[in-house]
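For reference, the structure is listed below as structure tokens.
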Amino acid sequence: QVQLVESGGGLVQAGGSLRLSCAASGRTFSSYAMGWFRQAPGKEREFVSCISWRGGSTIYTDSVKGRFTISRDNAKNTVYLQMNSLKPEDTAVYYCAASRGSGATMTSSRYNYWGQGTQVTVSS
């Protein structure tokens, strides 16, 4: 069992930055690939980024490439999402998720555990 708790969300002006953190419980964090998803009001949840268990492989959705960076610290059981040059369209609830197995994956159904989410609001 893995429990995930996101933090770091908030209100920021367009062009600003936020760093989301996702703290995981459990001793097997390093064996999970981790992902970030988001859901805007009235829209379906969408993939944002993911990272393999060692951090050697990362994937980003096109709309955040060059602006967002995912990373992980297995010693701290934490995964991060550094978000720069934020845009109003980045406004959403951001969720982190853990996928059993090592490979980074964009597929939400492959994630076994989900956090409660953290709100990110970008004002224009």
Side-chain angles (χ1 to χ4, degrees):
Q1 188 79 7
V2 175
Q3 293 185 325
L4 304 173
V5 179
E6 302 97 334
S7 62
L11 173 64
V12 64
Q13 289 188 332
S17 298
L18 285 173
R19 187 175 82 154
L20 305 184
S21 299
C22 174
S25 65
R27 295 176 293 176
T28 58
F29 173 78
S30 60
S31 65
Y32 288 81
M34 299 297 295
W36 286 97
F37 293 77
R38 66 187 180 186
Q39 187 167 19
K43 295 187 177 181
E44 293 187 355
R45 185 168 57 191
E46 66 171 352
F47 168 79
V48 177
S49 182
C50 60
I51 188 167
S52 60
W53 70 283
R54 274 189 172 179
S57 176
T58 58
I59 304 174
Y60 298 91
T61 193
D62 285 346
S63 63
V64 308
K65 284 180 181 177
R67 300 189 298 123
F68 290 11
T69 303
I70 190 170
S71 62
R72 67 188 295 160
D73 185 338
N74 287 344
K76 295 182 178 180
N77 281 13
T78 302
V79 63
Y80 305 97
L81 186 67
Q82 178 66 45
M83 305 187 297
N84 298 329
S85 301
L86 282 161
K87 304 175 181 180
E89 51 263 45
D90 294 318
T91 295
V93 177
Y94 284 70
Y95 299 90
C96 74
S99 174
R100 198 177 296 118
S102 62
T105 176
M106 301 169 57
T107 306
S108 60
S109 60
R110 293 189 177 182
Y111 286 83
N112 309 100
Y113 303 101
W114 294 82
Q116 297 281 58
T118 186
Q119 176 71 46
V120 171
T121 303
V122 184
S123 63
S124 57

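None of these values were measured; they are calculated from a predicted model. Positions are given from 1, in the same order as the sequence printed here.
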Indicate yes or no for a side-chain donor-acceptor contact from Arg67 to the backbone of Ser85 under 3.5 Å, with no hydrogens or angles considered. yes

d(Tyr80 OH, Asp73 CG) to nearest 0.5 Å is 5.0 Å

Are Asp62 and Lys65 ion-paired here, with the side-chain N under 4.0 Å from a carboxylate O? yes

Describe, in one word, how the ring planes of Phe37 and Tyr111 are oriented to each other, choosing from parallel (under 30°), tilted (30 to 60°) and perpendicular (over 60°). perpendicular

Set out, in order, the CA-CA distance, both residues' side-chain angles and the distance that settles side chain to side chain contact (heavy atoms under 4.5 Å, CB included) for Arg100 and Tyr32, then state yes or no. CA-CA 5 Å; Arg100 198 177 296 118; Tyr32 288 81; 3.9 Å; yes

Val2 reachable from Tyr94 in the ILVMFWY side-chain graph, under 4.5 Å edges: yes

Between Val64 and Val48, the two heavy atoms sitting closest are CG2-O, 3.9 Å

Taking atom CD of Gln116 as the centre, report whether more than 12 heavy atoms of other residues, nucleotides or ligands fall under 6.0 Å from it. no

Ignoring hydrogens and geometry, is there a side-chain-to-backbone donor-acceptor pair from Arg72 to Ser52 under 3.5 Å? yes

Strictly distance-based, threshold 3.5 Å: is any side-chain N or O of Thr91 a donor or acceptor partner for the main-chain N or O of Val122? yes

Does Thr107 offer a backbone N or O that forms a donor-acceptor pair with the side chain of Thr105 under 3.5 Å? yes

Tell me the closest heavy-atom pair linking Ala104 and Ile51, and the distance in Å. CB-C, 3.9 Å

Any idea which heavy atoms bring Val79 and Phe29 closest together, and the distance? N-CZ, 4.2 Å

Once you round to the nearest 0.5 Å, how far does CD of Gln119 lie from CD of Gln39? 11.0 Å

Is Met106 reachable from Tyr95 through a run of I, L, V, M, F, W or Y residues, each pair having side-chain heavy atoms under 4.5 Å apart? yes

Specify the closest pair of heavy atoms between Thr78 and Ser21, including all atoms of both residues, with the distance to one decimal. CG2-CB, 4.2 Å

On a heavy-atom basis, the closest approach of Val120 and Leu18 is CG1-CD1, 3.9 Å

Would Ile70 and Phe68 count as a side chain to side chain contact (heavy atoms under 4.5 Å, CB included) here? Give the steps. CA-CA 7 Å; Ile70 190 170; Phe68 290 11; over 6 Å; no

Can you name the closest pair of heavy atoms from Ala92 and Ala40 and give their distance? CB-N, 3.8 Å

Test your reading of the model: is there a side-chain donor-acceptor pair from Thr69 to the backbone of Gln82, 3.5 Å cut-off? no

With a 3.5 Å distance limit and no angle check, can you tell me whether Asn74 reaches the backbone of Arg54 through a side-chain donor-acceptor pair? no

Ser49 and Tyr60, any side-chain heavy atoms less than 4.5 Å apart: yes

CH2/Trp114 to CZ/Arg45 distance, rounded to the nearest 0.5 angstrom? 3.5 Å

So OG of Ser63 and CD of Glu89: to nearest 0.5 Å the spacing works out to 8.5 Å

Spatial distance of atom OG1 (Thr58) from atom CE (Met34) [nearest 0.5 Å]: 14.5 Å

Look at atom CD of Gln3 and say whether more than 12 heavy atoms of other residues, nucleotides or ligands are closer to it than 6.0 Å. no

In Å, rounded to the nearest 0.5 Å, how long is the span from CD of Glu6 to CG of Leu81? 11.0 Å

